[in-house]
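Notes for the one structure printed next.
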Amino acid sequence: MVIHIRYHFKWEKILFAALMLGLTARVIAQPLPQLIDSALLQQPELMALEKEYQAALERAPQVSQLPNPEVGVGGFPLPVETRLGPQLIRLGATQGFPWPGTLPGRAELENTKAKALYEQIAARALELRYELEQAYYQLYAIEKRQDILRRNLPLIESLEATALAKVESGKGSTADVLRVQIRREELQQELVILEREALKPLATINRLLQRTPATKIQMVDELGPAQLPFRQDSLLVAIRRTHPKLRQLNWQQEAARQALRLNELDGKPSFGLGADYIFVGPRNDANLNANGRDIVQLRASVSLPIYREKFEAKEREEQLKIAALDNRKQDLNHRFEATIAQAYADFETARLRLDLYERQRRLTQSAIAILQEAYSTQGRSFDELLRLESELIEYDLKRLNAVVAGHLAVARINQLLWDQ
């Protein structure tokens with residue numbers, strides 16, 4: 001089916017452009033917590049890990065069953081003669097039994113391995129949440145940077161108009177006009193560059209939300225200074241208790257300990273019980289009591305694990321696993337300590353810079369007001385005025401960067417906290 005769109009008038013072109021914009025750039029208005037919840041609920045990677053965990057739970061029923069019974073049948077090409085007649089056919093069945101406790105131990109081991117796998121879901125969810133928060137704050141910084149530049153463009157244009165008026169009155173220099181025009185074009189070009197830069201964090205957000213790359217995100221109106229709702233001295237204690245990666249290592253160590261206990265049980269004898277039923281044919285050469293009576297034979301067997309090297313090697317293997325996991329936990333704790341220290345340092349640095357930039361911005365605004373009056377009346381200090389206008393923009397941008405840096409520091413700490 002081909003749709004032909006014909007338009008000849010200006011209003012039709014505008015309507016067509018608006019429709020296309022609406023189709024390719026839908027705006028989704030959702031705060032960050034809702035975006036995180038939505039991303040985690042429909043993330044294919046988390047769904048895959050969940051299914052792998054459910055599949056791992058199905059291992060316990062597979063290993064906790066008795067071995068299959070053996071059923072056999074045998075014939076006698078040369079029948080064995082007995083007093084009551086020749087043996088014709090033998091039917092037998094045997095059931096093996098491991099040492100008591102072995103089967104429940106195998107099931108417990110597989111369930112513990114599944115629990116370790118389950119912690120991967122929570123650990124990956126924390127990483128995805130942090131990835132989304134990073135992209136969200138990056139996008140916020142870009143969009144607010146654009147707002148700052150757009151807000152300051154009229155100031156630059158006003159300064160340009162003042163410089164032109166001074167030139168026309170013969171009291172100004174054309175160089176002043178050119179300098180302010182260069183600054184205006186620089187801001188306009190920066191806006192175009194930022195528009196392209198915004199596509200990168202936006203693509204990350206939409207990938208995590210399973211949306212098309214063109215879907216726009218409506219940001220919050222204004223981020224205030226970040227707050228740390230936890231104390232640094234108690235933070236590491238909570239992380240050691242709740243972080244999924246540490247819990248995963250703990251479950252893996254528990255699985256190794258259970259494997260050691262199971263190895264001891266596997267090193268015990270196993271048993272077998274069986275029965276044979278032998279069909280006996282009647283004798284034709286004698287008339288005996290119970291002539292041709294069949295035979296029932298009961299059997300019992302014991303499997304003795306006398307070759308011990310494999311059990312000793314298995315014990316060494318699991319002990320080494322436990323020691324290696326201790327080293328991994330130690331390394332992970334050191335990493336968490338460093339991350340917390342760095343995040344708190346970044347947060348404090350952002351707070352100090354925010355205070356500094358706000359004070360400098362107020363002072364710069366006061367200096368600009370004085371210089372604007374001097375330039376308007378006397379035509380002096382244009383270079384200083386243009387420099388201060390640029391510094392005012394830089395202070396706004398630095399203040400924005402400090403606010404975002406504070407929120408990113410909090411996000412790095414939140415990455416280590418799992419709220420069960």
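The chain is numbered in sequence order, starting from 1. What you see below is based on every heavy atom in this structure, not just the backbone, and it leaves out hydrogens, waters and symmetry mates.
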In sequence, state the C-alpha distance, the side-chain angles, and the governing distance for Leu408 and Gln138, and then conclude on side-chain contact (heavy atoms from CB on, under 4.5 Å).
CA-CA 9 Å; Leu408 285 173; Gln138 289 170 3; 5.6 Å; no

[X]/[Y] ion pair, N-O < 4.0 Å:
X      : Y      : answer
Arg124 : Glu45  : yes
Lys321 : Glu317 : yes
Arg316 : Glu309 : yes
Arg240 : Glu337 : yes

Let me confirm one number: the [atom1]-[atom2] distance from [X] to [Y], rounded to the nearest 0.5 Å.
X      : Y      : atom1 : atom2 : result
Asp266 : Phe311 : CG    : CZ    : 6.0 Å
Lys144 : Leu194 : NZ    : CG    : 14.0 Å
Arg183 : Leu187 : CZ    : CG    : 4.5 Å
Asn250 : Lys115 : CG    : NZ    : 12.5 Å

Are any side-chain N or O atoms of [X] and backbone N or O atoms of [Y], one a donor and one an acceptor, separated by less than 3.5 Å?
X      : Y      : value
Asp396 : Ile148 : no
His407 : Gly224 : yes
Gln360 : Leu392 : no
Asn263 : Ala259 : no
Arg247 : Thr242 : yes
Tyr140 : Leu223 : yes
Asp294 : Val280 : yes

State, to 0.1 Å, how close [X] and [Y] come at their nearest heavy-atom pair, and which atoms those are.
X      : Y      : result
Pro225 : Leu354 : CG-CD2, 3.8 Å
Ala107 : Ser64  : CB-CB, 3.7 Å
Ile142 : Pro201 : CD1-CG, 4.1 Å
Ala141 : Val404 : CB-CG2, 3.9 Å
Tyr136 : Leu32  : CG-CD1, 3.6 Å
Thr215 : Leu202 : O-CD1, 3.3 Å

Establish, from distance only, whether the side-chain atoms of [X] and [Y] form a donor-acceptor pair under 3.5 Å.
X      : Y      : answer
Glu254 : Gln258 : yes
Glu133 : Asn414 : no
Gln415 : Glu127 : no
Gln62  : Glu58  : no
Gln42  : Ser38  : yes
Arg299 : Thr94  : yes
Gln252 : Arg328 : no

Is the shortest side-chain heavy-atom distance between [X] and [Y] below 4.5 Å?
X      : Y      : result
Ile278 : Ile89  : no
Lys398 : Arg361 : no
Arg59  : Lys113 : no
Thr204 : Leu139 : no
Phe279 : Gln87  : no

Ring-ring centroid check Tyr118 Tyr53, cutoff 6.0 Å:
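Yes, close enough.
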
Verify salt bridge (charged side-chain N to carboxylate O under 4.0 Å, His left out) between Glu315 and Arg308, making sure each step is shown before the conclusion.
CA-CA 11 Å; Glu315 182 177 358; Arg308 308 298 300 176; over 6 Å; no

Atom [atom1] of [X]: over 12 foreign heavy atoms under 6.0 Å:
X      : atom1 : result
Lys245 : NZ    : no
Lys268 : NZ    : no
Arg293 : CZ    : no

List the steps and the verdict of side-chain contact (heavy atoms from CB on, under 4.5 Å) for Gln188 and Arg184.
CA-CA 6 Å; Gln188 291 173 338; Arg184 174 172 55 80; 3.7 Å; yes

Going by the salt bridge (charged side-chain N to carboxylate O under 4.0 Å, His left out) test, which pairs reach into residues 349-360, not counting sequence neighbours?
Glu348-Arg351, Arg351-Asp355, Glu358-Arg399

Where do Arg106 and Glu110 land on the salt bridge (charged side-chain N to carboxylate O under 4.0 Å, His left out) test, with the steps shown first?
CA-CA 6 Å; Arg106 291 174 182 172; Glu110 294 301 329; over 6 Å; no

Evaluate the criterion side-chain contact (heavy atoms from CB on, under 4.5 Å) for residue pair Ile322 and Leu260; output intermediate values, then yes/no.
CA-CA 10 Å; Ile322 293 173; Leu260 283 173; 4.1 Å; yes

Please walk me through it: do Leu416 and Leu236 pass side-chain contact (heavy atoms from CB on, under 4.5 Å)?
CA-CA 9 Å; Leu416 305 179; Leu236 190 59; over 6 Å; no

Please list, chain by chain and in numerical order, all residues satisfying side-chain hydrogen bond (donor to acceptor under 3.5 Å, both in side chains) with Arg335, sequence neighbours excluded.
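If we apply the side-chain hydrogen bond (donor to acceptor under 3.5 Å, both in side chains) test to Arg335, skipping adjacent residues, the hits are Asp331.
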
